[in-house]
Amino acid sequence: MSVIDLVPYEEALASYDPVMGLEVHVELGTKTKMFCGCSTALGAEPNTQVCPTCLGLPGSLPVVNATGVESAIRIGLALNCEIAEWCRFARKNYFYPDMPKNFQTSQYDEPIAFNGYLDVELEDGEVFRVEIERAHMEEDTGKSTHVGGATGRIHGAEYSLLDYNRAGIPLIEIVTKPIVGAGDRAPEVARAYVAELRELIRALGVSEARMEMGQMRCDVNLSLMPKGAEKFGTRSETKNVNSLRSVERAARFEIQRHAAVLNEGGTIVQETRHFHEDNGSTTSGRIKEEAEDYRYFPEPDLVPVAPSREWVEQLRGELPELPRVRRQRLQSEWGISATEMQSALNAGAIDLILATIDAGAPADQARKWWLGELARRSNEDGVELASLPITPAQVAKVSALVAEGKLNDKLARQVIEGVLAGEGEPDEVVAKRGLAVVSDDSALGDAIDAALAAQPDVADKIRSGKFAAAGALVGAVMKATRGQADAARVKELIFEKLGVQPE
Ligand SMILES: Nc1ncnc2c1ncn2[C@@H]1O[C@H](COP(=O)(O)OP(=O)(O)OP(=O)(O)O)[C@@H](O)[C@H]1O
Ligand SMILES: [Mg+2]
Ligand SMILES: [Mg+2]
């Protein structure tokens, strides 16, 4: 179906109620894989971080990564879940080249955490409770790259490359109960939920959760039912959506597409779909297996996981301040509006701002950089703020240079630009680009004299008390010094020279 057949959004929701389910996969930041000692470090040569266990070679035996289990419990607790006293891993059997074992070690009917909820805040401040069905432990697959051929897809490709470095990296899959009652706000709820969850995962320190790097990805399940109906419709499942914006767009598109199919008397087939960022559409993937097609059975090579209640309570006691509570505290500390806080959340900026403050920057400077210049860059480059090649310490350093009067705003922006371009630490960029503010009064003096001589009428106005006219002279001095002067100091010197004293 092409994009033009879509039912307009409002029209679709006038006749149908959406039901949504979100499955979020989070790659844990453990040092080693979930069931073997292979490194999880990024950027290694393909197939150098593999061993008989994650390759599924005969005779190898898996061992559970305790940190992986601990992270799962902490996520479960933060999501207000019950933690199983006893649970097992299960084999999810399927054949696909990116899973060398021909099964994924996962959990099925005995997840480690279940029955929780996460409260999310919508743009108008309303709080929507998303119920969590379960959070379970599993492992990631390898990565395939399909080369050549017309479509770039596996069947059209000339050949495919496989990298198993990622196979076996611990994943936590967090699955919501069907979300009903969101109405026309379903796409917004989806986005807000993933944003809140990402914040939570980062607060727990279990993953950096950078979506564009696949460390966190969301499957958006969606169905429609005629208004007033009680039985859910058939769902489609849009896989691996990798940005907050895309999650919202995918939900929106599927609402419009389902409505179009249903209005024409068609039936929705249960299938997986792919989201296309360029035009916001989804296209059909594969017809979805029923759970029984995976022939789940308990993993015979791993012992059950039975976390003691003492351990669970200890972990509960050690949970960090949760993001929503922290946001409320910060909002009043920083004296900003709920809307500003919301955009900081959506940009994933809060932790970065806090780290910048920790590194010595004033709060308003830290906010200004991450929500201004750097947010713009992250949008332009299509990467999350956290992935930009600049650290909170570097931003703090630039703020310090501004506070010391060594840089003005304009120069500071150029320093930030230099750091992003890989030119080195802020100090080095200042030196290399020759960016220091001209604060030497004698150097400024010449430029001021020249400006006064060139604009005698302006000088007269200032003498007669029209102090605002000084702007024209400051502008001329800034131009003469190629923006490297401290504008406030220039103004002071002009008034001094003219012997006037505005209060
Ligand atoms: N009719 C429906 N419409 C919308 N969402 C639904 C519907 N039925 C179930 N869901 C939601 O879809 C999601 C299904 O995820 P779940 O992990 O349970 O199964 P799956 O998608 O079959 O498995 P897999 O992990 O292999 O993708 C859940 O969030 C659930 O609440
Ligand atoms: Mg699914
Ligand atoms: Mg699932």
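Every number for a ligand or one of its atoms is a count from 1 in the order of the listing.
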Any idea which part of Gln104 is under 4.0 Å from ligand 1, heavy-atom wise: side chain, backbone, both or neither? neither

Checking Thr283 against His274: is there a side-chain donor and acceptor pair closer than 3.5 Å? no

The Mg ion (ligand 3) - name of the N/O/S atom of Glu173 that sits closest to it: OE2

Of the backbone atoms (N, CA, C, O) and the side-chain heavy atoms from C-beta on, which set of Arg134 has a member under 4.0 Å from an atom of ligand 1: side chain, backbone, both, or neither? side chain

Note: ligand 1 atoms sitting under 4.0 Å from heavy atoms of Phe232 are 1 (N)

Which of the atoms of ligand 1 are close to Met20, meaning less than 4.0 Å from one of its heavy atoms? 5 (N)

I would like to know whether Arg376 and Glu373 meet salt bridge (charged side-chain N to carboxylate O under 4.0 Å, His left out); could you show each step before the answer? CA-CA 5 Å; Arg376 188 162 66 244; Glu373 195 71 5; 2.8 Å; yes

Numbering as shown, the atoms of ligand 1 that approach Asn221 to under 4.0 Å (heavy-atom distance): 5 (N), 12 (O), 13 (C)

Looking at Phe275, I'd like to know if the NZ or CZ of Arg249 sits under 6.0 Å from its six-membered ring centre while staying within 45 degrees of the ring's axis. no

N/O to N/O below 3.5 Å, does that happen between Glu133 and ligand 1? no

Could you report the tightest heavy-atom contact between Leu244 and Arg198, atom names first, then the distance? CD1-NH2, 3.6 Å

Can you tell me which portion of Asp219 lies within the under-4.0 Å heavy-atom range of ligand 1? Options are side chain, backbone, both, or neither. neither

Can you sort out which atoms of ligand 1 are near Glu237, meaning under 4.0 Å from one of its heavy atoms? 21 (O), 27 (O)

What atoms of ligand 1 come closer than 4.0 angstrom to any heavy atom of Lys177? 31 (O)

Between the side chains of Glu271 and Ser284, is a donor N or O closer than 3.5 angstrom to an acceptor N or O? yes

Considering only NZ, NE, NH1 and NH2 on the basic side and carboxylate oxygens on the acidic side, decide whether Glu121 and Arg324 come within less than 4.0 Å. yes

Using a 3.5 Å cut-off on N or O atoms only, is Thr176 in polar contact with ligand 1? yes

Among side-chain atoms of Trp369 and Thr356, is any donor-acceptor pair under 3.5 angstrom? no

Assess whether a salt bridge exists between Arg91 and Glu299, defined as any Lys/Arg side-chain N lying under 4.0 Å from an Asp/Glu carboxylate O. yes

Is Gly233 in polar range of ligand 1, meaning some N or O pair under 3.5 Å apart? yes

Is there a polar contact, in the sense of an N or O pair closer than 3.5 Å, between Pro178 and ligand 1? yes

Of all N/O/S atoms in Glu237, the name of the one nearest the Mg ion (ligand 2): OE2

Compute the ring centroids of Phe35 and Phe89, then answer whether they are less than 6.0 Å apart. yes

Sub-3.5 Å N/O-N/O distance, Lys92 and ligand 1: yes

Could you tell me whether the side chains of Arg235 and Asn221 share a donor-acceptor contact shorter than 3.5 Å? yes

Just which atoms of ligand 1 are under 4.0 Å from any heavy atom in Lys239? 27 (O)

Determine, for Glu173 against Lys92, whether the closest basic-nitrogen to carboxylate-oxygen distance falls under 4.0 angstrom. no

Can you tell me if Asp219 has an N, O or S atom under 2.8 Å away from the Mg ion (ligand 3)? no

Only N/O/S atoms count here: what is the atom of Glu23 closest to the Mg ion (ligand 3) called? OE1

